[in-house]
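Below is one structure, written out as structure tokens; the observations come after it.
Start at 1 with the first residue, then count along the sequence. In listed order, ligands and their atoms are each counted from 1.
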Amino acid sequence: MNPIPRISWLSAALLATATAVAADKPVLKDVYKGKFEVGVAINRSVTMGAAGMRRSQEQVNSDIALVKEQFNQVVAENEMKWESIHPRAGADGFNFGPADALVAFGQSNRMSIAGHTLVWHSQTPTWVFAGTNPPPASATNAPVPPPAPAVATNSTGTNGPGARRPGFGPGFGGGFGRYNGPRASREELLERMRDHIHTVAGRYKGKVKVWDVVNEALSDSGTTNVLRSSLWSEIIGPDFIAKAFQYAHEADPAAILRYNDYGLENPMKRQKLITMVRQLQAQKVPIHAIGSQAHINVSTTFEIMDQTLAEIATLGLPIHITELDINTAQGGQRATGADVAANAATTQGGQVSDADKKLADAYEAVFRAFVKHDKSIDIVTFWGVNDAVSWRAQGKPLVFDGDNKPKPAFAAVIRAATGGQLK
Ligand code: G3I
């Protein structure tokens, strides 16, 4: 059992000048050293040090101090998504500023950096899919699907199929209200994908250690459809996934290439992951890690996470927990998803009773499972610095509150590392 690392008087004195960190506060990246990196998703207010709509300058300074203090891995919550980094067609259609700032922030703070995400059905501009080929009648005539009905809590107590709408809002290539005009050909779309991946992954070659190459390609519905239907799969075909990994490998042969998805705590979705990845492996596709987002809720138990990790580990690839947060909102306990379009429903109704304790118990349970499987897990990344900046702010899903004060869940995560009690 490891003692809880403490900040030395020297580092405490140095830190005291820059941050308001308590000298005896344990440090996540230290207690998990030797097991896995502990990371956090950050946004441009942190990487650029600028106040925004949600955070004052003072709060941003505090967020930055907390990130530097607690974490040794970072990922951009939004700045490397296609709509952000490559909003327009053509060689001058890229917008690298915010992504460059993320990479500079990570490098200057000696953090390892993940890139999120190269190919996704959501947050991809319409121009990517546009062309001269008439869309199939099913696309133009299809009514916009209504929100999927809520489903009762599944036995996983986690992200289950049901609440997710098939895409994201107007103007994007994703499913809900998605682009249904004339389409690019397979060859045109492959070329756009290749150009995007080569340019973005090539720019950060040797700096971004791991890429989410394909994000959320698995279907949530039924047992027979392994892949979700998206403009990527419809125009290119199911081999868009293999092609994306191939292009990313060409762009940076040393990068760790990750497939990333949510809801893998659900046995049916997990089976789809295993089926898909085994096929990719049989085709010698360069896939190097599995990203399990883990947007879960407070009913997630040790047993659920233990089983999830044990089964994913059978693929023989490292597991990265890529977007961890634990929803305490009542609306998120019955049916949850990882889509912003469905987020309002999953964060409504106020918090569950005794939320801080339930959150702490859930964090302790899943981190004890991470520790049990630490030979398989290389990275655990929290999806946000604190509750105030979380995409699920009303679900208060993180271990720091909006003032960056550690919640009981923080002590629980520390306890899971040490196996002991936090004083
Ligand atoms: O930056 C613009 C700003 O200029 C504009 O004024 C404002 C008005 O709405 O929008 C801002 O963009 C928002 C962006 O977050 C940055 O805050 C988008 O509207 C908003 O949709 C976007 O949401 C992100 C969402 O992905 C969609 O990209 C969330 O922050 C982010 O946490 C979430 O993350 C996803 C992962 O990438 C994949 N897995 C699921 C996870 C949760 O949905």
Side-chain angles (χ1 to χ4, degrees), residues 39-48 50-55 60 63 74-87 95 97-99 101-102 114-125 158-161 163-178 210-218 220 228 230 258-265 269 273 290-297 320-327 329 332 335-347 381-395 397-398:
V40 63
I42 53 179
N43 49 52
R44 70 178 75 183
S45 70
V46 166
T47 57
M48 295 174 147
M53 271 165 44
R54 286 185 299 183
R55 303 297 273 171
V60 169
D63 295 349
V74 281
V75 61
E77 185 175 356
N78 288 300
E79 318 299 4
M80 289 191 183
K81 292 172 183 174
W82 197 313
E83 66 167 335
S84 174
I85 202 168
H86 194 181
N95 171 34
L102 178 280
H116 172 83
T117 175
L118 294 170
V119 174
W120 189 17
H121 65 276
S122 188
Q123 315 306 114
T124 304
T158 183
N159 282 342
R164 188 185 170 89
R165 295 178 191 183
F168 188 65
F172 297 98
F176 187 63
R178 73 180 185 178
V210 41
W211 277 104
D212 288 329
V213 177
V214 176
N215 198 44
E216 301 173 5
L218 292 171
D220 282 330
R228 88 168 55 242
S230 71
R258 179 160 90 182
Y259 174 77
N260 192 44
D261 216 324
Y262 65 85
L264 301 178
E265 300 79 12
K269 184 98 178 253
L273 171 89
I290 303 299
S292 178
Q293 295 183 9
H295 291 292
I296 51 183
N297 61 44
H320 300 180
I321 303 298
T322 50
E323 304 184 12
L324 177 63
D325 55 17
I326 305 184
N327 194 355
T336 62
D339 198 322
V340 171
N343 202 25
T346 62
T347 55
T381 306
F382 288 86
W383 202 242
V385 180
N386 62 46
D387 287 341
V389 300
S390 165
W391 73 296
R392 278 189 164 155
Q394 289 168 288
L398 294 167

Is it the side chain, the backbone, both or neither of Asn215 that has a heavy atom closer than 4.0 Å to ligand 1?
-> side chain
Closest to atom 30 (O) of ligand 1 (judged by heavy-atom distance), picking from Val75, Asn78, Asn43, Val389 = Asn78
Which of the atoms in ligand 1, numbered in the order shown and given with their element, are less than 4.0 Å from a heavy-atom of His116?
-> 36 (C), 37 (O), 38 (C)
Can you check whether Gln293 has an N/O within less than 3.5 Å of an N/O in ligand 1?
-> yes
Answer yes or no: is there a donor N or O on one side and an acceptor on the other, between the side chain of Gln394 and the main chain of Ala329, under 3.5 Å?
-> no
Does some non-hydrogen atom of Met53 fall short of 4.0 Å from ligand 1?
-> no
Any non-hydrogen atom of Arg392 lying under 4.0 Å from ligand 1?
-> no
Please assess Ile296 against Leu324 for the test side chain to side chain contact (heavy atoms under 4.5 Å, CB included), listing each intermediate value before the final yes or no.
-> CA-CA 7 Å; Ile296 51 183; Leu324 177 63; 4.1 Å; yes
Please identify each residue that fulfils salt bridge (charged side-chain N to carboxylate O under 4.0 Å, His left out) with Glu323, with sequence neighbours left out.
-> none
Check: Arg54 side chain, Val389 main-chain N or O, donor-acceptor pair, under 3.5 Å = yes
Give the atoms of ligand 1, by number and element, whose distance to some non-hydrogen atom of Ala338 is under 4.0 Å.
-> 40 (C), 41 (C), 42 (C), 43 (O)
Taking all non-hydrogen atoms of both residues, which atom of Ile290 and which atom of Leu273 are closest, and how far apart?
-> CG2-CD2, 3.9 Å
Give the numbers and elements of all ligand 1 atoms closer than 4.0 Å to a heavy atom of His295.
-> 40 (C), 41 (C)
Over all heavy atoms of both residues, which pair between Glu265 and Ser292 is shortest? Give the atoms and the distance, please.
-> OE2-OG, 4.0 Å
Sub-4.0 Å atoms of ligand 1 with respect to non-hydrogen atoms of Trp391 | 32 (O), 42 (C), 43 (O)
Where does the angle between the aromatic ring planes of Trp82 and His86 fall among parallel (under 30°), tilted (30 to 60°) and perpendicular (over 60°)?
-> parallel
A student checking ligand 1 against Trp120 at a 4.0 Å heavy-atom cut-off should list atoms 37 (O), 38 (C)
Among Glu216, Gln123, Lys81, Glu77, which residue places a heavy atom closest to atom 35 (C) of ligand 1?
-> Lys81
Decide whether an N or O pair under 3.5 Å exists between Glu83 and ligand 1.
-> no
May I ask you to decide if Ser390's main-chain N or O and Asp325's side chain share a donor-acceptor pair within less than 3.5 Å?
-> no
